[in-house]
Amino acid sequence: MISFKKKLDTILEKGLLVLESLIALISIFVLVGLLVIYLIRICNTPGYFLQEDAVHQFLQELLSIVIGLEFVKLLMHMTPANILEVLIMAIARHIVVGHSDSLDTLLSILCIIALFAAKRYLIPRAEFHMELEDELPYERSYRHRSNRHKNSGKSNDASDKE
């Protein structure tokens, strides 16, 4: 029964990884397509940058594509570094492109400061680029100790079956 559950878990994990990779690949194609369409629109519109809100529109489109690419990177490698980069980029886009009041801008800046502080003080450097699915060394040692305590009262035959 336990081996069937392990096999099912392994199959589901591999299936989810394939789906994540497929979604990332589709996202890359869509983002590249959007970038090409946007560049064609810029080239075909005479005086594009002479329009009143051209810079705002350009930044909005470009930053949306950059955030999309950061999200694809997050899908492929879910590390604390990539998560923080996506969040920082999304908030920075909101500050640069959004037309919000000063309180909203202040709160956004405080969020970015908090994310940088989390990056600096809460995430150990050894774990910063480690995949979130990877097992951390302290978890491995904790699991080993807890299994040793669980198996201390059992015979060797019972522990071999697990």
Side-chain angles (χ1 to χ4, degrees), residues 4-143:
F4 174 74
K5 183 179 180 330
K6 286 182 182 180
K7 287 179 185 177
L8 183 63
D9 286 347
T10 303
I11 290 170
L12 289 175
E13 281 181 26
K14 288 181 180 179
L16 289 174
L17 285 175
V18 168
L19 282 175
E20 282 181 355
S21 299
L22 184 64
I23 289 171
L25 187 63
I26 291 169
S27 298
I28 287 174
F29 285 134
V30 168
L31 289 169
V32 168
L34 288 173
L35 183 60
V36 168
I37 290 170
Y38 187 65
L39 290 174
I40 290 171
R41 188 178 345 145
I42 288 174
C43 292
N44 289 338
T45 305
Y48 178 82
F49 288 104
L50 298 176
Q51 297 173 1
E52 185 176 319
D53 64 340
V55 174
H56 179 266
Q57 194 173 20
F58 176 74
L59 285 175
Q60 186 175 5
E61 297 287 335
L62 191 65
L63 289 175
S64 294
I65 292 171
V66 168
I67 290 172
L69 291 173
E70 289 289 331
F71 184 71
V72 170
K73 190 168 78 171
L74 175 66
L75 282 176
M76 296 309 296
H77 303 286
M78 191 167 293
T79 64
N82 289 343
I83 292 170
L84 290 176
E85 285 177 20
V86 169
L87 290 173
I88 289 170
M89 288 296 297
I91 295 170
R93 180 193 179 277
H94 175 73
I95 292 172
V96 171
V97 177
H99 296 291
S100 53
D101 59 349
S102 57
L103 179 63
D104 193 29
T105 303
L106 176 66
L107 291 176
S108 298
I109 291 170
L110 291 176
C111 285
I112 289 177
I113 291 170
L115 288 171
F116 276 117
K119 177 181 174 182
R120 174 77 170 110
Y121 297 110
L122 297 180
I123 301 173
R125 291 211 185 271
E127 298 171 13
F128 195 65
H129 293 287
M130 184 182 292
E131 293 278 340
L132 293 183
E133 292 87 23
D134 290 346
E135 187 175 355
L136 299 175
Y138 63 86
E139 290 175 340
R140 192 177 316 121
S141 64
Y142 174 75
R143 186 180 311 138

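Everything numeric in this text was worked out from a predicted model, so none of it was measured.
- Checked against salt bridge (Lys or Arg N to Asp or Glu O under 4.0 Å), Asp53 has no partners two or more places apart in sequence or in another chain.
- With sequence neighbours excluded, the residues that form a side chain to side chain donor-acceptor pair (under 3.5 Å) with Asp9 are Lys5.
- Rounded to the nearest 0.5 Å, atoms CG (Leu122) and CG (Leu84) are 9.5 Å apart.
- Counting all heavy atoms, side chain and backbone alike, Val66 lies closest to Met89 at CG1-CE, 3.3 Å.
- To the nearest 0.5 Å, the span separating OG on Ser64 from CG on Leu69 amounts to 11.0 Å.
- With sequence neighbours excluded, the residues that form a side-chain contact (heavy atoms from CB on, under 4.5 Å) with Ser100 are His94, Asp104, Thr105.
- Remark: Leu35 CG to Glu61 CD distance equals 10.0 Å, nearest 0.5 Å.
- With rounding to the nearest 0.5 Å, the separation of CD1 in Ile65 from CZ in Arg93 is 10.5 Å.
- Taking CG of Leu12 as the reference point, atom CG of Leu19 lies at 10.5 Å (rounded to 0.5 Å).
- Thr79 places a side-chain N or O within 3.5 Å of a backbone atom of Asn82 that can act as its donor or acceptor partner.
- Within the 4.5 Å cutoff, the side chain of Met76 has no heavy atoms near those of the Glu20 side chain.
- For Leu25, the side-chain contact (heavy atoms from CB on, under 4.5 Å) test picks out Phe29, with sequence neighbours left out.
- Remark: His77 NE2 is loosely packed, at most 12 non-hydrogen atoms of other residues, nucleotides or ligands lying under 6.0 Å away.
- For the residue pair Ile112 and Ala92, the shortest heavy atom distance occurs at CD1-N, 4.1 Å.
- Qualifying side-chain contact (heavy atoms from CB on, under 4.5 Å) partners for Leu62, counting only residues two or more places apart in sequence or in other chains: Phe58.
- Heavy-atom neighbours of Tyr48 OH from other residues, nucleotides or ligands within 6.0 Å: above the threshold of 12.
- Between Thr45 atom OG1 and Gln51 atom CD the span is 6.5 Å, to the nearest 0.5 Å.
- For the pair Ile91 and Ser108, the tightest heavy-atom approach, listed with the atom from each and the gap, is CG2-O, 3.4 Å.
- Leu106 meets the side-chain contact (heavy atoms from CB on, under 4.5 Å) test with Leu110; sequence neighbours excluded.
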